[in-house]
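Within every chain, numbering begins at 1; the chains are lettered A, B, ... in the order of the sequence lines, protein sequences first and strands thereafter. Keep in mind that this is a model prediction, so the values were computed, not measured.
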Amino acid sequence: MASSTPPPHCTLTTTKPYNSHHFHQQSLQNNHHHHQHRHNQPNWTSQKVSLNRPSQAPTARNAAKPHHLPSGPTAAPAPLSRNPNFHSLSTLPPSKSELAADFSGRRSTRFVSKMHFGRPKTAAASRHSLAAEEALQQAIRCSGDDRCIDTVLVKFESRLSGSDDYIFLLRELGNRGEWSMAIRCFEFAVDRERRRNEQGKLASSMISILGRLGKVDLAKKVFETAVNGGYGNTVYAYSALISAYAKSGFCYEAIRLFESMKVSGLKPNLVTYNALIDACGKGGADFGRASEIFDDMLRSGVQPDRITYNSLLAVCSGAGLWETARNLFSEMLYKGIDQDIYTYNTLLDVACNGGHIDMAFEIMSNMPAKNVLPNEVTYSTMIRGCAKAGRLDRALSLFNEMKYAGIKLDRISYNTLLAIYASLGRFEEALNVAKEMESMGIRKDVVTYNALLDGFGKQGMYDKVNEHFREMKREKLSPNLLTYSTLISVYSKGGLYKEAMEVYREFKQEGLKADVVFYSKLIDALCKKGLVESSAVLLDEMTKKGIRPNVVTYNSIINAFGQSAAVDNEPQIESSHLIVLEDATEMKLEDHEEDRVIKIFKQLAANKSRCAKEESRGGEEIICVLEVFQKMHKLDIKPNVVTFSAILNACSRCSSFEEASLLLEELRLFDNQVYGVAHGLLMGHRENVWVQALSLFDEVKQMDSSTASAFYNALTDMLWHFGQKRGAQLVVLEGKRRHVWENTWSDSCLDLHLMSSGAARAMVHAWLLNIRSIVFEGHELPKLLSILTGWGKHSKVVGDGALKRAIEALLISIGSPFRISKCNIGRFTSTGSVVAAWLRESGTLKVLVLQDDRTQTESPRFDHIPKLQPLLL
DNA sequence: ATAGGGTTAG
């Protein structure tokens with residue numbers, strides 16, 4: 001057990017993990033004065049009670065606790081007119097957690113993917129000569145031959161006039177990705193230029209061109225050369241390099257450079273500040289960091305402009321700060337700063353990322369009145385938001401709207417549309433999108449194929465997967481890391497370990513390098529097959545290879561606990577009879593022999609029948625998971641809400657309190673508050689822990705909606721599972737009050753489709769009691785009453801109807817008149833009069849009021865409680 | 001100097 005490990009700092013955050021850069025710098029932020037007075041909320045950790053355990057020593061987490069908005073998440077931002085003195089961002093809420101920065105990185109592919117398909121810069125009035133155009137044409141033909149470009153430069157030397165011509169050449173070469181020729185051209189030009197001023201111009205152009213191409217190391221070299229040569233110490237060169245860092249997501253390098261710029265006596269200008277804030281957004285810095293820069297800007301007398309605010313909004317997008325974004329938007333209005341399409345698109349992005357789809361639609365509908373017309377970026381942002389929120393119908397209708405509005409679909413829009421169809425298994429439509437796309441002159445790219453492969457794979461259509469993988473190569477598209485990890489995961493989930501192994505071999509042969517996500521995805525695939533122990537081996541393997549697992553990796557494994565019985569009933573397809581033969585030939589490939597991934601695949605391919613059940617036999621799984629927790633502590637991986645939900649869900653899968661108590665102990669080590677609430681409610685100490693519970697729910701409500709509801713679901717399920725039904729109902733009603741499930745509870749309809757089975761059952765009781773009181777108050781019920789469960793489309797398991805079955809069993813067991821609707825298998829209905837009659841029956845109240853299976857116990861310690869059978873329906 | 005896309009947990 002990890003009980004000797006001090007509780008690591010943890011945070012209620014789900015923002016993406018990022019394990020790359022220097023986040024230690026963020027600690028500076030805590031000392032910043034703004035972060036003192038921005039928060040007037042009491043620190044809830046100080047209210048912690050000791051819940052049967054000695055209270056923990058204060059930790060850094062307690063000292064640097066995130067603070068929250070005094071207003072609820074749905075409250076409107078404070079009217080700015082009441083605060084005429086604001087001059088900085090001090091009216092804005094802080095980042096939701098200073099620790100969140102650890103996790104709030106963005107995908108690195110984002111930077112690369114923009115490189116080649118970037119919108120071409122609108123040609124500004126260029127002052128280059130005709131000779132420069134000519135030189136460019138000849139230079140282009142030199143691609144790949146450095147001596148050739150030298151010859152061209154020499155040949156045109158006399159006709160090229162000054163840095164304008166050379167800068168034109170640099171830019172054009174850069175636009176074509178010819179960075180090597182651009183650099184030769186730059187060096188050539190600097191050599192022949194005697195004016196420092198002009199040399200400086202060349203240098204900053206070169207730096208920004210390299211930055212745009214993602215060649216940040218080269219950009220830095222050019223910068224250093226320029227500084228050493230005496231022409232690089234300019235605001236422009238610094239700004240260009242800061243911007244280059246921004247484009248590659250290196251925000252702390254950017255900040256460091258900015259500091260050194262000030263040290264060397266240069267005064268940052270508007271562009272410098274804007275580039276730096278942009279770097280914060282792209283590098284996933286927390287909002288506090290950007291806010292400091294903004295304040296610094298004001299102190300230095302540099303007035304922020306539209307782009308400053310747009311960049312700040314982008315920081316909110318990365319950090320998931322919807323309220324902050326709204327406030328910034330209001331602040332722009334107040335200050336009379338123009339809001340453009342970037343402003344709106346970024347704001348919509350933040351709204352969508354936070355799950356505020358309705359709000360996003362409202363904002364979008366207001367755009368035309370503000371003279372800002374939605375464009376293809378607006379639409380693809382919204383479409384992605386809808387798709388992410390599970391509203392695929394809405395997403396698809398937006399495409400029609402887009403065509404109706406005369407907005408042409410571009411590569412991204414097409415790929416987004418295709419990915420939606422593919423993920424729905426609507427392949428005919430997906431392939432039609434691909435056709436339409438090609439007919440518009442946009443070739444299918446790796447993204448297109450990855451979406452298809454993933455879609456076919458999810459439906460188990462492995463022949464189609466193979467076919468498209470071949471087609472992709474035939475079209476000379478190189479599979480990338482994502483392609484391979486998708487394929488390996490798809491094959492593994494299908495139990496096709498030999499195929500997975502072959503793809504893995506090919507992936508290694510291509511010289512690609514696995515990363516955290518690659519391993520995490522593979523681990524998750526094996527977990528989904530119930531192979532927790534193999535996953536644990538891979539966890540060690542990746543660590544040995546120097547790839548640091550992140551919270552997602554661990555959450556996958558925790559989630560797998562107790563799920564092995566649920567899988568592995570699908571028939572295995574093809575390919576098993578060849579294994580022995582293949583194994584013999586593979587023994588010769590020593591270089592592969594050392595690879596644990598291959599070993600695991602080989603083993604799995606050889607013993608398909610073994611698999612999950614055997615691997616998890618006899619309590620080994622719990623030991624394995626506890627060891628995983630221990631490693632998590634050792635590597636100081638901070639848990640997040642998903643971890644907490646995963647632990648609670650794992651508890652619900654325990655058949656004994658003893659096992660669950662081992663897991664709850666892990667929860668305690670991670671977060672005393674969450675533990676205190678879960679444990680307290682489980683013990684039936686509702687009155688005592690409710691204050692803590694409420695502040696915990698305040699925290700959770702900061703998360704995006706699906707994360708928040710998952711936590712409520714997990715907590716309720718755990719309580720329900722161990723017979724604390726009234727506690728479960730209390731939690732569910734609190735969740736409803738806070739609109740966690742964004743569904744409606746009306747007199748005529750109860751929508752349960754986003755709830756777990758425990759939560760849904762507790763909710764059914766509450767709703768029926770509510771309906772009952774309507775009846776007893778003498779009011780009439782609506783003609784038709786319905787209870788919606790959906791068909792499990794929100795479940796990760798395709799076609800899983802566990803919720804429906806649980807509700808059906810409940811409705812029958814309480815003798816209710818609700819029956820499955822004929823036209824909708826996810827809906828139970830009854831008429832108002834029949835339900836009213838049933839509710840008036842004498843025995844009904846008794847079955848509706850929930851009873852705990854066990855009343856509040858005398859014993860304060862969890863493990864003294866006698867073992868209970870897991871609750872059956 | 002600014003906006004949207006494809007991998008990981010729920």
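In this structure, a donor-acceptor pair under 3.5 Å is present between the side chains of D340(A) and N310(A). Between the side chains of N713(A) and W741(A), at least one donor-acceptor pair of N or O atoms lies under 3.5 Å.
Residue Y449(A) contributes atom OH, which lies 19 Å from atom C1' of dT7(B) at whole-angstrom precision. Separating the CD1 atom of I363(A) from the C1' atom of dG4(B) is a distance of 16 Å, rounded to the nearest angstrom. Rounded to an integer number of Å, the gap from CG of N450(A) to P of dT7(B) is 8 Å. dT2(B) atom C1' lies 8 Å from atom CG of D340(A), rounded to whole Å. Rounded to a whole Å, the OH atom of Y236(A) is 14 Å from the C1' atom of dA1(B). Atoms NZ (K458(A)) and C1' (dT8(B)) sit 11 Å apart, rounded to a whole Å. The nearest whole Å value for the distance from the CZ atom in F456(A) to the P atom in dG6(B) is 20 Å. The CD1 atom of I277(A) sits 13 Å away from the P atom of dA3(B) (whole-angstrom rounding).
Nearest to the side chain of K247(A), among dG6(B), dA9(B), dT2(B), sits dT2(B). With dT7(B), dA1(B), dG4(B) as the candidates, the nucleotide lying closest to the side chain of R384(A) is dG4(B). For L270(A), the side-chain atoms get nearest to dA1(B) when compared with the rest of dG4(B), dA1(B), dA9(B). In the set dG6(B), dT2(B), dA9(B), dA9(B) carries the atom at the smallest distance from any side-chain atom of V642(A). The side chain of N559(A) sits closest to dA9(B) out of dT2(B), dA9(B), dA1(B). Listed nucleotides dA1(B), dT8(B), dA9(B) differ in distance to A275(A); the shortest reach to its side chain belongs to dA1(B). Ranking dT7(B), dA1(B), dG6(B) by closeness to the S485(A) side chain, first place goes to dT7(B). Among dT8(B), dA1(B), dG4(B), the nucleotide with an atom closest to any side-chain atom of I307(A) is dA1(B). For T346(A), counting side-chain heavy atoms from C-beta on, the closest listed nucleotide (dT8(B), dG6(B), dA3(B)) is dA3(B). If you check dA3(B), dT7(B), dA1(B) against the side chain of V517(A), the one that comes closest is dT7(B).
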Under the criterion salt bridge (charged side-chain N to carboxylate O under 4.0 Å, His left out), I'd like the reasoning laid out for K403(A) against E436(A): C-alpha separation, chi angles, the key distance, then a yes or no. CA-CA 13 Å; K403(A) 287 189 175 167; E436(A) 183 183 323; 3.2 Å; yes
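Around atom NZ of K267(A), no more than 12 heavy atoms belonging to other residues, nucleotides or ligands sit under 6.0 Å away.
In this structure, D278(A) reaches the sugar-phosphate backbone alone: every heavy-atom distance under 4.0 Å involves primed, P, OP1 or OP2 atoms, never a base. Contacts of S556(A) with the nucleic acid, taken as non-hydrogen atoms under 4.0 Å apart, involve only primed sugar atoms and P, OP1 or OP2. Residue contacts for N375(A): at a heavy-atom cut-off of 4.0 Å it reaches a base atom on one of the strands shown. Among the protein residues, S243(A) comes within range of the sugar-phosphate backbone only, with heavy atoms under 4.0 Å from sugar or phosphate atoms but none that close to a base. N269(A) comes within 4.0 angstrom of no nucleic acid atom, judged by non-hydrogen atoms across all strands.
No donor-acceptor contact under 3.5 Å links the side chain of S645(A) to the base of dG10(B). In this model, no side-chain donor or acceptor of S311(A) finds a partner on the base of dT2(B) within 3.5 Å. The base of dG4(B) sits within donor-acceptor range of the side chain of D410(A), with an N or O pair under 3.5 Å. The base of dG4(B) sits with one of its N or O atoms less than 3.5 Å from a complementary donor or acceptor on the side chain of S413(A). For N640(A) against dA9(B), a side-chain N or O and a base N or O form a donor-acceptor pair under 3.5 Å. The base of dG4(B) does not come close enough to the side chain of T381(A) for any donor and acceptor atom to sit less than 3.5 Å apart.
Between dT8(B) and K493(A), no contact under 4.0 Å exists linking OP1 or OP2 to a side-chain N or O. Taking side-chain N and O atoms only, R411(A) has no distance below 4.0 Å to OP1 or OP2 of dG4(B). Listed pair K528(A) / dG10(B) meets the phosphate criterion, a side-chain N or O lying under 4.0 Å from OP1 or OP2.
The side chain to side chain donor-acceptor pair (under 3.5 Å) check on T486(A) picks up K521(A), with sequence neighbours excluded. Scored by the side chain to side chain donor-acceptor pair (under 3.5 Å) test, E506(A) finds K473(A), Y484(A) as partners (sequence neighbours excluded).
The aromatic rings of Y309(A) and F294(A) sit perpendicular, their planes meeting at an angle over 60°, well past the 30° parallel limit.
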